[in-house]
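Throughout, residue positions are numbered sequentially from 1 according to the sequence presented.
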Amino acid sequence: MSDAMHPLLAATPLLDVHHPDIEALVARRGWRTLSPYDRIGAVYDFVRNEIAFGYNKGDELPASTVLADSIGQCNTKSTLLMALLRAVGIPCRFHGFTIDKPLQKGAITGLAYWLAPQRIIHSWVEVSLEGRWIALEGFILDAPYLASLQRRFPQARRFCGYGAATPDLSAPGVEWRGQDTYIQKEGIADDFGVFDSPDAFYARHGSNLSGIKRWLYERVIRHAMNRNVARVRASQW
C-alpha cells in the first residue's frame with residue numbers, strides 16, 4: 001500500500017523514511033526480510049540500545065538527525081523509531097503526553113532542572129501488530145544506563161527519577177515480547193491522544209522550551225546534561 005493510501009506508513013518532514021542514511025541502515029540490517037514481529041523487535045532493540053539515552057538540541061528533529069546524533073530522549077527516539085518502523089512496513093502512530101518534572105531529577109540537575117517546565121512534553125510509539133495496538137515506551141533508557149540505576153538502587157521497586165518512573169525498577173518490562181513496554185508511564189500527567197505523526201503533534205502542542213531558555217539549552221546546558229547522563233551510565237555516582 002502506498003504512503004498516500006496508508007497515513008500510518010507515510011513519510012513526513014520529521015519521519016524522513018526515505019533519507020539515504022535510514023535506507024542504508026535498514027538494508028544493512030536486513031530488517032525487511034524478517035517477520036512483522038521480529039521486524040518490530042529488531043528496530044526496537046536498535047533504538048533502545050544503539051541510540052543511547054541523551055539529550056539532542058531539540059524535540060522537532062528529523063529521524064535522520066537523531067540517527068546521526070546516536071543519542072536521544074523520549075521524543076527524539078520516538079521519531080527515529082517511527083521512521084524505522086515505517087521504513088520496514090510497520091504501521092505506527094505517535095501518542096503525546098506530558099510527564100511530571102521530578103521524573104527527570106538526577107538525569108537533569110542544577111540549572112538545567114530549574115529551566116525545565118513543570119510538565120515536560122513526552123511521547124511513546126504505538127505499533128499495529130495482528131490487529132491490535134501495542135504501546136512502546138521502554139526504548140528510552142539504553143540497557144547500560146538502566147543497569148547502572150538498578151545497581152545504584154538495588155532494593156527499589158516503585159521508582160521515580162533519573163529518567164525512569166516505573167512500579168518495579170528491578171523488572172521494568174522494557175524488553176520486546178509482543179506486549180506494551182514502559183519505563184516512564186508512572187510519571188504521566190496529561191494525555192494528548194494519538195497523532196499520525198510527530199509533526200502533527202508538535203504543530204498543535206509545541207515543544208518543551210522557547211526563547212532564551214531554548215538558546216541556553218541548545219548551546220550550553222544540554223552538553224552538561226549529557227555529561228551527567230554519561231557519568232550515571234558509567235556508575236560514577
Side-chain angles (χ1 to χ4, degrees), residues 14 44 47-48 51-61 66 71-82 92-127 133-142 145-146 148-150 153 156-169 172-174 180-195 197-210 213-214 217-218 221-222 224-226 228-229 232-233:
L14 296 186
Y44 176 89
V47 174
R48 181 183 168 219
I51 305 299
F53 174 53
Y55 297 94
N56 315 86
K57 68 178 184 179
D59 290 327
E60 310 108 305
L61 300 179
V66 183
I71 62 168
Q73 33 82 350
C74 57
N75 300 317
T76 52
K77 280 195 169 193
S78 286
T79 298
L80 178 58
L81 180 61
M82 288 186 69
C92 57
R93 64 192 186 190
F94 182 101
H95 199 147
F97 304 90
T98 62
I99 51 175
D100 287 325
K101 181 176 177 175
L103 182 153
Q104 294 285 0
K105 194 170 186 178
I108 303 177
T109 60
L111 179 61
Y113 190 77
W114 177 80
L115 282 174
Q118 187 59 39
R119 291 190 173 182
I120 299 170
I121 293 292
H122 174 59
S123 59
W124 68 50
V125 176
E126 296 177 357
V127 295
W133 286 103
I134 302 169
L136 301 179
E137 190 207 48
F139 57 82
I140 300 169
L141 304 184
D142 57 273
Y145 182 92
L146 179 58
S148 179
L149 292 186
Q150 291 167 328
F153 304 101
R157 292 297 183 263
R158 186 166 296 278
F159 184 86
C160 182
Y162 292 90
T166 175
D168 187 353
L169 183 64
V174 295
D180 298 343
T181 71
Y182 299 113
I183 193 61
Q184 296 185 352
K185 183 184 178 185
E186 299 300 304
I188 285 174
D190 305 298
D191 185 342
F192 295 129
V194 296
F195 295 77
S197 68
D199 312 57
F201 173 81
Y202 295 126
R204 180 175 299 181
H205 293 287
S207 59
N208 281 308
L209 294 174
S210 61
K213 286 186 175 182
R214 182 161 186 162
Y217 169 81
E218 288 181 359
I221 294 170
R222 74 183 184 92
M225 291 163 62
N226 285 328
N228 183 61
V229 166
V232 172
R233 182 179 292 108

Note to self: What verdict does the side-chain hydrogen bond (donor to acceptor under 3.5 Å, both in side chains) test give for His122 and Asp190, after you've listed the backbone C-alpha separation in whole Å, the side-chain angles of each residue and the deciding distance to 0.1 Å?
What the structure shows: CA-CA 9 Å; His122 174 59; Asp190 305 298; over 6 Å; no
Next item on the list: Check the pair Leu61 / Thr79 against side chain to side chain contact (heavy atoms under 4.5 Å, CB included), numbers first and verdict last.
Entry: CA-CA 8 Å; Leu61 300 179; Thr79 298; over 6 Å; no
Next item on the list: Using the side chain to side chain contact (heavy atoms under 4.5 Å, CB included) rule, take Lys101 and Ile108 through it: C-alpha gap first, then chi angles, then the decisive distance, then the call.
Entry: CA-CA 10 Å; Lys101 181 176 177 175; Ile108 303 177; over 6 Å; no
Check: Can you list the steps and then say if Glu186 with Leu103 is a side chain to side chain contact (heavy atoms under 4.5 Å, CB included)?
Finding: CA-CA 9 Å; Glu186 299 300 304; Leu103 182 153; over 6 Å; no
Next item on the list: Would you please test Ile140 and Phe53 for side chain to side chain contact (heavy atoms under 4.5 Å, CB included) and show each step?
Entry: CA-CA 6 Å; Ile140 300 169; Phe53 174 53; 4.2 Å; yes
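A heavy-atom distance below 4.5 Å is found between the side chains of Ile99 and Gln104. Looking at heavy atoms from C-beta onward, Leu169 lies in side-chain contact with Thr166 at the 4.5 angstrom threshold. Here the side chains of Trp124 and Leu136 are not in contact, with every heavy-atom distance at 4.5 Å or above. Arg119 places a side-chain heavy atom less than 4.5 Å from the side chain of Asp100. Residues Leu146 and Val174 are in side-chain contact: their nearest non-hydrogen atoms beyond the backbone lie under 4.5 Å apart. For the pair Arg233 and Val229, the minimum side-chain heavy-atom distance is below 4.5 Å. Annotation: side chain of His205 is in contact with side chain of Phe195 (closest heavy-atom distance under 4.5 Å).
For Lys105, the NZ atom is loosely surrounded, since the number of other residues' heavy atoms within 6.0 Å does not exceed 12. Within 6.0 Å of atom NZ in Lys57, 12 or fewer heavy atoms from other residues, nucleotides or ligands are found, so the atom counts as exposed in its surroundings.
Checked for salt-bridge contact, Glu218 and Arg222 miss the test: no charged N lies under 4.0 Å from a carboxylate O. With respect to Lys185 and Glu137, no salt bridge is recorded, no charged nitrogen being found less than 4.0 Å from a carboxylate O.
No side-chain donor-acceptor contact under 3.5 Å links Arg214 to the backbone of Gly58. Side chain of Asp199 to backbone of Leu14: a donor-acceptor contact under 3.5 angstrom is found. One N or O on the side chain of Gln184 and one on the backbone of Gly163 form a donor-acceptor pair closer than 3.5 Å. Side chain of Asp142 to backbone of Ile51: no donor-acceptor contact under 3.5 angstrom is found. Checked by atom type and distance alone, the side chain of Thr76 never pairs as donor or acceptor with a backbone atom of Val66 at under 3.5 Å. Counting only distance, with no hydrogens or angles, the side chain of Asn75 and the backbone of Glu60 share no donor-acceptor pair below 3.5 Å.
Classification of the Phe201-Phe192 ring pair by plane angle, with boundaries at 30° and 60°, yields tilted. Taking the six-membered ring for Trp and thresholds of 30 and 60 degrees, Tyr162 and Phe153 have ring planes inclined between 30 and 60 degrees apart. Taking the six-membered ring where tryptophan is involved, the planes of Phe139 and Tyr44 are perpendicular, since the angle between them exceeds 60° and thus also 30°.
Minimum heavy-atom separation, Met82 to Pro198: SD-CD, 3.9 Å. Residues Cys74 and Ser123 share a closest heavy-atom pair of O-OG, 3.8 Å. When all heavy atoms are compared, the tightest approach of Leu149 to Ala164 is CD1-CB, 4.4 Å. Listed here is the closest heavy atom pair of Val127 and Cys92: CG1-CB, 4.1 Å. Across all non-hydrogen atoms, the minimal contact from Ser197 to Phe94 is C-CB, 4.0 Å. Nearest heavy atoms, Gly193 versus His95: O-CD2, 3.2 Å.
Shown are Ile188, Ile120, Ile121; of these, the side-chain contact (heavy atoms from CB on, under 4.5 Å) with Phe97 is made only by Ile188.
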